[in-house]
Amino acid sequence: MYDSIIIGCGAAGMTAALNILRNGKTVLILEKESIGGQIATSPKVENYPSIKAISGLDFSTQLFDQISDLGAEFEFEEVTELEKEDDIFKVTTNYNTYEAKTVVIACGAEHNIIKAKGTDKKGVSYCALCDGAFYKGEEVSVIGDANTALQYALLLAGICPKVNLCMLFDHYFGDQYLVDKVEKKENIKVYKELLLESVNGGDEMESLTFKNTKTGEEIVINSKAVFVAIGQTPKTDIYSHLVDRNKQYIITNEAMETKTDGLYAIGDCRNKEVRQLTTATSDGAICAVGINKYLS
Ligand SMILES: Cc1cc2nc3c(=O)[nH]c(=O)nc-3n(C[C@H](O)[C@H](O)[C@H](O)COP(=O)(O)OP(=O)(O)OC[C@H]3O[C@@H](n4cnc5c(N)ncnc54)[C@H](O)[C@@H]3O)c2cc1C
């Protein structure tokens with residue numbers, strides 16, 4: 001039996017683990033994909049206090065090292081069920097069932113899938129850091145208008161001769177700092193009010209067809225790959241009997257408590273205004289304080 005099981009090894013989950021472990025409690029982290037969650041796919045983080053710039057992967061690795069040194073247990077397993085019986089949580093994964101006195105849902109959010117003809121083609125990617133290098137020297141496109149899309153465009157502009165940034169609306173939703181950087185890059189061309197209609201080509205992608213949402217005009221943009229960053233949604237259905245939700249986001253109070261005693265939700269899966277690294281780690285620290293009190 002663990003004092004706490006944390007579902008998700010992203011920034012929020014690892015920060016909760018850090019602060020629970022420092023109080024001498026036992027922690028198991030369950031992660032279905034990769035250490036670090038979303039931030040591990042970020043080319044460069046420049047808004048985390050006291051760190052001028054760091055790659056998302058380095059940030060995640062350092063945090064993982066920190067909690068491993070404190071004795072965090074970790075398994076690569078996907079949580080498929082969560083139940084509470086007689087004050088004990090039973091956490092079922094694709095391989096095992098574990099028991100814990102408290103559970104932290106830190107399952108983050110997953111990228112939204114773009115829907116248009118041909119989007120199952122080779123060259124459609126949701127991670128520029130993972131796949132960008134395959135298209136070095138090629139003309140590529142990014143679809144999206146917030147921070148992730150801006151970061152992808154900047155990363156790709158360093159390795160590709162031309163990057164087309166295709167936005168659905170006529171304005172950016174990202175930080176002004178990133179917008180300024182994008183607008184100064186000579187090899188990033190920004191297109192506004194475009195809706196993707198199709199991805200074209202045979203075995204290799206050749207172009208993208210968009211419709212201008214204002215004029216109805218069709219526009220074809222040459223592209224060997226397209227990197228999509230059009231928002232995220234959390235996958236929280238398996239917890240729905242134990243928590244209240246707004247859309248898919250889990251509702252908590254300021255102490256990160258859900259409606260079930262001993263069950264907490266933190267990070268990007270939580271119903272809140274700002275989803276970024278600082279708020280994920282802040283949620284993790286706050287919930288750890290509550291858990292340490294709850295356990296004692
Ligand atoms: C490309 C990119 C760049 C970004 N850049 C910045 C930036 O520069 N600055 C900034 O402040 N923010 C940035 N963000 C946002 C930031 O990464 C997130 O707000 C933050 O990392 C969220 O952390 P989290 O722990 O809540 O969730 P996630 O990072 O989403 O982690 C959740 C983890 O839970 C796992 N999981 C989900 N369900 C299960 C399950 N059933 N069983 C087991 N494991 C499960 C997932 O696999 C994942 O690893 C960026 C995001 C992206 C995608």
Side-chain angles (χ1 to χ4, degrees), residues 5-18 28-49 51-60 63-64 74-82 91-96 98 103-112 125-132 142 144 146-156 174-175 177-178 181 227-239 248-250 256 264-285 287:
I5 287 181
I6 297 174
I7 305 169
C9 192
M14 286 198 275
T15 307
L18 173 71
L28 170 67
I29 305 183
L30 298 168
E31 167 57 52
K32 67 173 179 166
E33 267 168 30
S34 52
I35 289 162
Q38 290 172 61
I39 203 63
T41 68
S42 171
K44 206 175 190 187
V45 178
E46 293 177 291
N47 65 343
Y48 199 81
I51 304 174
K52 272 193 194 164
I54 187 168
S55 80
L57 192 60
D58 284 348
F59 179 88
S60 311
L63 187 48
F64 188 72
F74 175 86
E75 297 294 342
F76 264 125
E77 294 177 25
E78 175 169 2
V79 174
T80 52
E81 260 183 77
L82 178 64
V91 184
T92 305
T93 71
N94 42 353
Y95 296 112
N96 292 298
Y98 301 96
V103 167
V104 180
I105 305 170
C107 65
E110 296 179 21
H111 57 248
N112 292 336
S125 167
Y126 291 82
C127 178
L129 188 69
C130 325
D131 302 328
V142 173
N147 283 343
T148 300
L150 298 174
Q151 284 174 328
Y152 280 1
L154 288 167
L155 171 83
L156 293 163
D175 294 345
Y177 169 72
L178 288 172
K181 273 180 137 181
F227 297 88
V228 183
I230 53 167
Q232 289 117 341
T233 310
K235 292 229 168 88
T236 54
D237 287 353
I238 57 170
Y239 317 110
Q248 305 276 43
Y249 293 98
I250 298 174
M256 311 298 144
Y264 300 76
I266 58 173
D268 279 16
C269 66
R270 192 168 82 80
N271 191 45
K272 60 180 180 180
E273 283 293 316
V274 181
R275 292 191 182 83
Q276 56 169 228
L277 214 46
T278 49
T279 62
T281 54
S282 162
D283 286 2
C287 103

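Heads up: numbering here begins at 1 and tracks the sequence. Counting convention: from 1, in listed order, for ligands and their atoms alike. Both backbone and side-chain heavy atoms feed into the values below; hydrogens, waters and symmetry mates do not.
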Short side-chain donor-acceptor distance under 3.5 Å, T279 and K272: yes

Atoms of ligand 1, numbered as shown, that sit under 4.0 Å from any heavy atom of A109: 30 (O)

Closest protein heavy atom (residue, atom, distance) for atom 25 (O) of ligand 1: A12 N, 3.0 Å

V79-ligand 1 polar pair, N/O distance under 3.5 Å: yes

Residue portion contacting ligand 1 (non-hydrogen atoms closer than 4.0 Å) for C127: neither

R270 to Y264 six-membered ring, cation-pi geometry met (6.0 Å, 45°): no

Any side-chain heavy-atom pair of L178 and N147 under 4.5 Å: yes

Side-chain donor-acceptor contact under 3.5 Å, T281 with Y48: yes

Proximity winner for atom 4 (C) of ligand 1, if only heavy atoms of Q276, R270, Q151 are counted: Q151

Ligand-side contact atoms (ligand 1) for residue partner G37, heavy atom cut-off under 4.0 Å: 29 (O), 31 (O), 48 (C), 49 (O)

Stepwise ring-ring contact (aromatic ring centres under 6.0 Å, His included) test for Y126 and F227: CA-CA 5 Å; Y126 291 82; F227 297 88; 9.7 Å; no

Under 3.5 Å: N/O of Y152 near N/O of ligand 1: no

Nearest-neighbour protein heavy atom for atom 31 (O) of ligand 1, which is reported as residue plus atom name and distance: G10 CA, 3.6 Å

Subset of ligand 1 atoms that lie under 4.0 Å from at least one heavy atom of G267: 26 (O)

Any donor-acceptor N or O pair under 3.5 Å, side chains D268, Q38: yes

Side chain to side chain contact (heavy atoms under 4.5 Å, CB included) between N47 and Q276, worked out: CA-CA 9 Å; N47 65 343; Q276 56 169 228; 3.6 Å; yes

Donor-acceptor side-chain pairing of E75 and Y95 below 3.5 angstrom: no

Which residue and heavy atom of the protein sit nearest atom 52 (C) of ligand 1, plus the separation: T148 OG1, 3.7 Å

Pair Y177, E46: side-chain N/O donor-acceptor within cut-off below 3.5 Å: yes

Which of the ligand 1 atoms, numbered from 1, are nearer than 4.0 Å to a heavy atom of C107: 32 (C), 34 (O), 37 (C), 38 (N)

Where ligand 1 meets S34 - atom numbers and elements under 4.0 angstrom, heavy-atom basis: 49 (O)

Pair I5-L30, side chain to side chain contact (heavy atoms under 4.5 Å, CB included): steps then yes or no: CA-CA 7 Å; I5 287 181; L30 298 168; 3.8 Å; yes

Side chain, backbone, both or neither: the part of P43 lying under 4.0 Å from ligand 1 by heavy atom: neither

Side-chain donor/acceptor of T93 to backbone N/O of N96, under 3.5 Å: yes

Nitrogen or oxygen atoms of D268 and ligand 1 under 3.5 Å apart: yes

Verdict with supporting geometry, Q248 and D237, side chain to side chain contact (heavy atoms under 4.5 Å, CB included): CA-CA 8 Å; Q248 305 276 43; D237 287 353; 3.2 Å; yes

Backbone or side-chain N or O of L277 under 3.5 Å from ligand 1 N or O: yes

T92 versus E81, side-chain donor and acceptor atoms under 3.5 Å: no

Distance from atom 17 (O) of ligand 1 to nearest protein heavy atom, with residue and atom: I39 CD1, 3.4 Å

Residue and atom name of the nearest protein heavy atom (relative to atom 27 (O) of ligand 1), distance in Å to one decimal: G108 CA, 3.2 Å

Whether M14 lies under 4.0 Å from ligand 1, heavy atom: no

Any N or O of I266 closer than 3.5 Å to N or O of ligand 1: no

Candidate with minimal heavy-atom separation from atom 32 (C) of ligand 1, of A106, G56, P234: A106

N-O pairing of K32 and E110 below 4.0 Å: yes

Q232, any N or O under 3.5 Å of ligand 1 N or O: no

Atom 44 (N) of ligand 1: the protein heavy-atom neighbour that sits closest, reported with distance to 0.1 Å: K32 N, 3.1 Å

Aromatic ring pairing F74/F64, orientation class (parallel under 30°, perpendicular over 60°, tilted between): perpendicular

Selected option - heavy-atom contact closest to atom 53 (C) of ligand 1, from K235, Q38, K44: Q38

D283 side chain vs G267 backbone, donor-acceptor pair below 3.5 Å: yes

Atom 9 (N) of ligand 1: the protein heavy-atom neighbour that sits closest, reported with distance to 0.1 Å: N47 OD1, 2.9 Å

Atoms of ligand 1, numbered as shown, that sit under 4.0 Å from any heavy atom of E77: 43 (C)

Top protein contact for atom 47 (O) of ligand 1, by heavy-atom distance: E31 OE2, 2.6 Å

Atoms in ligand 1 flagged as close to R275, the criterion being non-hydrogen separation under 4.0 Å: 19 (O)

